[in-house]
Amino acid sequence: MDGTGKLYRGFVLVGLSAVVWSLPWAPGFTALTVALVSFQAPMLVLTVVALLVILNRSSMMGDRRNRWWENAILAVLLCFTLFACYHGLADAVAIVAG
């Protein structure tokens, strides 16, 4: 099967997964919103880590590579992001679980 068929199947599966939230025992829309926003937090962690890696590579940034204080700021942001990610995911699991 070509790539278009796999992509189409993926879209159909994502669309059908919305049916789960319409079942009588499923959590409400607020829980869905909180869960989805909380599950996006790991992507923010990956973004900050990617910034740290990319901005410190002299092969990519040349002379404009990060200095120590810019790395310190990004490290603090990474700590805040990890803290928020952990608590957001814990809260989302608690809300969805009931």
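We count residues from 1, following the sequence as given.
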**Item:** Separation between CG of Asn56 and CG of Leu51, rounded to the nearest 0.5 Å
**Value:** 10.0 Å
**Prompt:** Do you know the tightest heavy-atom contact between Thr81 and Val45?
**Reply:** CG2-CG2, 3.4 Å
**Message:** I'd like to check Val12 versus Arg9 (side-chain heavy atoms, cut-off strictly below 4.5 Å). Are they in contact?
**Reply:** no
**Request:** Could you identify which residues cluster with Val76, counting Ile, Leu, Val, Met, Phe, Trp and Tyr as linked when any side-chain heavy atoms lie under 4.5 Å apart, either directly or through a chain of such contacts?
**Result:** Phe80
**Message:** Are Tyr86 and Val49 linked, directly or through intermediate hydrophobic residues, by side-chain heavy-atom contacts shorter than 4.5 Å (ILVMFWY only)?
**Reply:** no
**Request:** Taking side chain to side chain contact (heavy atoms under 4.5 Å, CB included) as the test, write out the residues that go with Ile54, two or more places apart.
**Result:** Met60
**Prompt:** Glu70 and Arg65: which non-hydrogen atoms are nearest, and at how many Å?
**Reply:** OE1-O, 4.2 Å
**Asked** Is the closest side-chain heavy-atom distance between Cys85 and Leu89 below 4.5 Å?
**Response** yes
**Complete:** For Arg64, the salt bridge (charged side-chain N to carboxylate O under 4.0 Å, His left out) test, sequence neighbours excluded, returns none
**Message:** For residues Trp69 and Leu77: do they belong to one hydrophobic cluster (side chain heavy atoms under 4.5 Å, members Ile, Leu, Val, Met, Phe, Trp, Tyr)?
**Reply:** yes
**Item:** Shared hydrophobic cluster for Trp68 and Val48 (ILVMFWY, side-chain gaps under 4.5 Å)
**Value:** yes
**Item:** Shared hydrophobic cluster for Leu74 and Met61 (ILVMFWY, side-chain gaps under 4.5 Å)
**Value:** yes
**Item:** Separation between CG of Leu55 and CG of Asn71, rounded to the nearest 0.5 Å
**Value:** 8.0 Å
